[in-house]
Amino acid sequence: MAGRGRKKKNISVEEELSILTEEMAECEEKIKEYTNRKKELKQEIEKKQMEALYKATMESGKSFEEAISLIHENRE
């Protein structure tokens, strides 16, 4: 935790509030960055999965309609 081992400076409540508000804004910005990166990674995974599905469909010699039909049959 930040601040361990350091002596607490004598700051006013207003100053402490201001510092805390700034730190919270920085954390919120990091959360936005992480959320965007998470979304990008999920899209990348989905793209790779779709490419693999497309490749498997093409290699099977079946049309997309046949492949979709097989998938629907297996769900029932």
Side-chain angles (χ1 to χ4, degrees):
M1 175 179 245
R4 284 189 183 171
R6 290 189 281 175
K7 293 182 181 178
K8 187 174 181 180
K9 295 180 182 177
N10 291 330
I11 59 172
S12 69
V13 175
E14 290 81 7
E15 290 172 322
E16 186 175 356
L17 178 59
S18 177
I19 292 168
L20 182 61
T21 302
E22 288 177 23
E23 289 176 354
M24 288 174 64
E26 290 172 9
C27 290
E28 288 170 357
E29 188 59 36
K30 276 289 195 191
I31 289 172
K32 287 179 186 177
E33 290 174 19
Y34 292 151
T35 300
N36 288 336
R37 182 63 180 144
K38 180 180 176 182
K39 183 179 176 182
E40 290 171 0
L41 292 171
K42 283 184 173 185
Q43 288 173 340
E44 189 175 324
I45 290 168
E46 186 176 307
K47 181 181 176 184
K48 287 181 180 182
Q49 290 173 336
M50 289 179 12
E51 289 172 353
L53 180 59
Y54 174 80
K55 183 179 178 185
T57 301
M58 293 294 101
E59 289 175 353
S60 74
K62 300 199 180 302
S63 69
F64 277 111
E65 291 79 15
E66 290 172 314
I68 291 170
S69 178
L70 286 171
I71 292 169
H72 285 293
E73 286 176 12
N74 287 334
R75 277 199 275 172
E76 295 173 355

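Hydrogens, waters and symmetry mates are skipped; everything else that's a heavy atom, side chains included, is used.
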**Student:** So how far is it from Lys32 NZ to Cys27 SG, rounded to the nearest 0.5 Å?
**Tutor:**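 Going from NZ on Lys32 over to SG on Cys27, the span is 12.5 Å.
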
**Student:** With distance as the sole test, does Glu15 use its side chain to make a donor-acceptor pair with the main-chain N or O of Ser12 at under 3.5 Å?
**Tutor:**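 Pair found, side chain donor or acceptor close to backbone of Ser12.
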
**Student:** Can you sort out the partners of Arg37 under salt bridge (charged side-chain N to carboxylate O under 4.0 Å, His left out), two or more places apart, ordered by chain and number?
**Tutor:**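 Only Glu40 meet the salt bridge (charged side-chain N to carboxylate O under 4.0 Å, His left out) criterion with Arg37.
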
**Student:** Are Lys42 and Lys39 close enough, and set up right, to give a side chain to side chain contact (heavy atoms under 4.5 Å, CB included), and what steps lead you there?
**Tutor:** CA-CA 5 Å; Lys42 283 184 173 185; Lys39 183 179 176 182; 5.8 Å; no

**Student:** Verify the neighbour count for atom CD of Glu51: are there more than 12 heavy atoms of other residues, nucleotides or ligands below 6.0 Å?
**Tutor:**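 Yes, because the 6.0 Å sphere around CD of Glu51 holds more than 12 heavy atoms from other groups.
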
**Student:** With distance as the sole test, does Ser69 use its side chain to make a donor-acceptor pair with the main-chain N or O of Glu65 at under 3.5 Å?
**Tutor:**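 Between the backbone of Glu65 and the side chain of Ser69 there is no qualifying donor-acceptor contact (under 3.5 Å).
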
**Student:** How many angstroms lie between atom OH of Tyr34 and atom NZ of Lys38, to the nearest 0.5 angstrom?
**Tutor:**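 Those atoms lie 13.5 Å apart.
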
**Student:** For the atom pair CG (Leu70) and CZ (Arg75), what is the distance rounded to the nearest 0.5 Å?
**Tutor:**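 Leu70 CG to Arg75 CZ: 12.5 Å, rounded to 0.5 Å.
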
**Student:** Does Phe64 CZ have over 12 foreign heavy atoms under 6.0 Å away?
**Tutor:**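 Yes, the 6.0 Å shell around CZ holds more than 12 heavy atoms from other groups.
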
**Student:** Do any N or O atoms from the side chain of Thr21 and from the backbone of Leu17 form a donor-acceptor pair under 3.5 angstrom?
**Tutor:**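 Yes, because the side chain of Thr21 sits within donor-acceptor range (under 3.5 Å) of the backbone of Leu17.
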
**Student:** Any idea which heavy atoms bring Ser63 and Thr57 closest together, and the distance?
**Tutor:**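 In terms of heavy atoms, the two residues are closest at O-CG2, 4.2 Å.
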
**Student:** Nearest 0.5 Å, please: how far is CD in Gln43 from CG in Leu41?
**Tutor:**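 The CD atom of Gln43 is 9.5 Å from CG of Leu41, to the nearest 0.5 Å.
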
**Student:** Measure the shortest side-chain to side-chain distance between Ile45 and Gln49 over non-hydrogen atoms and say whether it is less than 4.5 angstrom.
**Tutor:**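 Heavy-atom side-chain distance check passes, below 4.5 Å.
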
**Student:** Quick one: CD on Glu14 to CD on Glu16, what's the gap to the nearest 0.5 Å?
**Tutor:**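 Going from the CD atom of Glu14 to the CD atom of Glu16 covers 10.0 Å.
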
